[in-house]
Amino acid sequence: MKDQNCIFCKIANGDIPSATLYEDDDFRVILDLGPAAKGHALILPKEHFADLYELPDEIAAKALVLAKKIASKLTEILKCDGFNVVQNNGVCAGQTVFHFHIHLIPRYENDHVGLGWTPGKLTEEDKAEILVGFSE
Ligand code: 5GP
Ligand code: ZN
């Protein structure tokens with residue numbers, strides 16, 4: 001299904017032009033217009049799924065295989081030193097376009113890409129709550 005108001009539906013299905021690196025029946029891979037680093041690409045499914053929670057298993061599985069393929073090719077072309085695979089879900093997690101996508105971000109020694117967090121501490125309370133949740 002497509003969403004008439006979704007910009008990534010339009011891009012993924014070719015209704016809006018994009019710098020396309022790869023396309024198949026399920027996905028289009030494009031260069032991000034606001035790259036975190038040179039070669040920042042986005043994997044877009046052609047069908048509209050708002051986020052990871054909505055993604056069918058079959059598309060989820062194919063997406064990671066595709067991420068590996070495109071990251072490998074970009075690494076070969078750009079000679080980058082590393083790679084981040086990022087996928088945001090929800091406003092608080094930084095999602096701004098509500099059509100599932102995977103960020104492929106090449107990393108270079110001494111680049112200024114601002115990904116990361118300050119490590120906290122796993123408390124006994126949090127651990128117990130989460131483990132109980134998984135055992136139910
Ligand atoms: P999010 O914050 O939702 O995880 O990521 C959205 C990404 O889409 C951002 O990195 C932003 O630069 C990119 N983006 C937003 N609109 C467009 C567009 O029209 N074309 C392309 N190529 N990238 C876009
Ligand atoms: Zn969409």
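All of these numbers come straight from a predicted model, not from anything done at the bench. Just follow the structure's listing: the first ligand is 1, and inside any ligand the first atom is 1.
Near I7, meaning under 4.0 Å from one of its heavy atoms, ligand 1 places the atoms 19 (O). For ligand 1, the atoms lying closer than 4.0 Å to a non-hydrogen atom of H103 are 1 (P), 4 (O), 5 (O), 7 (C), 10 (O). Interface atoms of ligand 1 facing V97, defined by a heavy-atom separation under 4.0 Å, are 3 (O), 6 (C). For ligand 1, the atoms closer than 4.0 angstrom to any heavy atom of T96 are 1 (P), 2 (O), 3 (O), 5 (O), 6 (C). Listed by atom number, the atoms of ligand 1 under 4.0 Å from I11 heavy atoms are 18 (C), 19 (O), 20 (N). In summary, the atoms of ligand 1 found under 4.0 Å from a heavy atom of H101, numbered by their order in the structure, are 1 (P), 3 (O), 4 (O), 5 (O), 6 (C).
In this structure, the side chains of H99 and I11 stay at 4.5 Å or more apart for every pair of heavy atoms. Using a 4.5 Å heavy-atom threshold, the side chains of D51 and F98 count as separate.
Counting heavy atoms closer than 4.0 Å to ligand 1, residue L42 contributes side-chain atoms (C-beta onward) but none from N, CA, C or O.
With the Zn ion (ligand 2) as the vertex, SG (C9) and SG (C6) define an angle of 120°, rounded to 10°.
Residue contact check for ligand 1: S18 places no non-hydrogen atom closer than 4.0 Å to it. Within the 4.0 Å heavy-atom shell around ligand 1 one does not find Q87. Heavy-atom separations between L31 and ligand 1 include at least one value shorter than 4.0 Å. Using 4.0 Å as the threshold, F98 has no heavy atom nearer than that to any atom of ligand 1.
For the atom pair NE2 of H103 and NE2 of H40, the computed distance is 5.0 Å after rounding to the nearest 0.5 Å.
Residue, atom and distance of the protein heavy atom nearest to atom 8 (O) of ligand 1 are F8 CZ, 3.4 Å. The protein heavy atom nearest to atom 9 (C) of ligand 1 is D32 OD2, 3.3 Å. Of all protein heavy atoms, the one closest to atom 2 (O) of ligand 1 is G94 O, 2.8 Å. At the shortest separation from atom 23 (N) of ligand 1 among protein heavy atoms lies L33 N, 3.3 Å.
Checking each of I102, I105, I70 against V85 for a side chain to side chain contact (heavy atoms under 4.5 Å, CB included) leaves exactly one that passes, namely I102.
Under a hydrophobic clustering in which Ile, Leu, Val, Met, Phe, Trp and Tyr are joined whenever their side-chain heavy atoms come within less than 4.5 Å, directly or via other members, L42 and I16 fall into the same cluster.
Annotation: D15, atom CG; neighbour count of heavy atoms from other residues, nucleotides and ligands within 6.0 Å is above 12. Around NZ of K73, the count of heavy atoms belonging to other residues, nucleotides or ligands within 6.0 Å does not exceed 12.
In H48, the N, O or S atom that comes nearest to the Zn ion (ligand 2) is ND1. H99 contributes ND1 as its N, O or S atom closest to the Zn ion (ligand 2).
Side-chain N or O atoms of E54 include none that pairs as donor or acceptor with a backbone N or O of F49 at under 3.5 Å.
The two residues I43 and A63 come nearest to each other via the heavy atoms CD1-O, 4.0 Å.
The aromatic rings of H101 and F8 sit perpendicular, their planes meeting at an angle over 60°, well past the 30° parallel limit.
Side-chain contact check for N110 and Y108: no donor-acceptor pair (N or O, by modelled atom type) lies under 3.5 Å.
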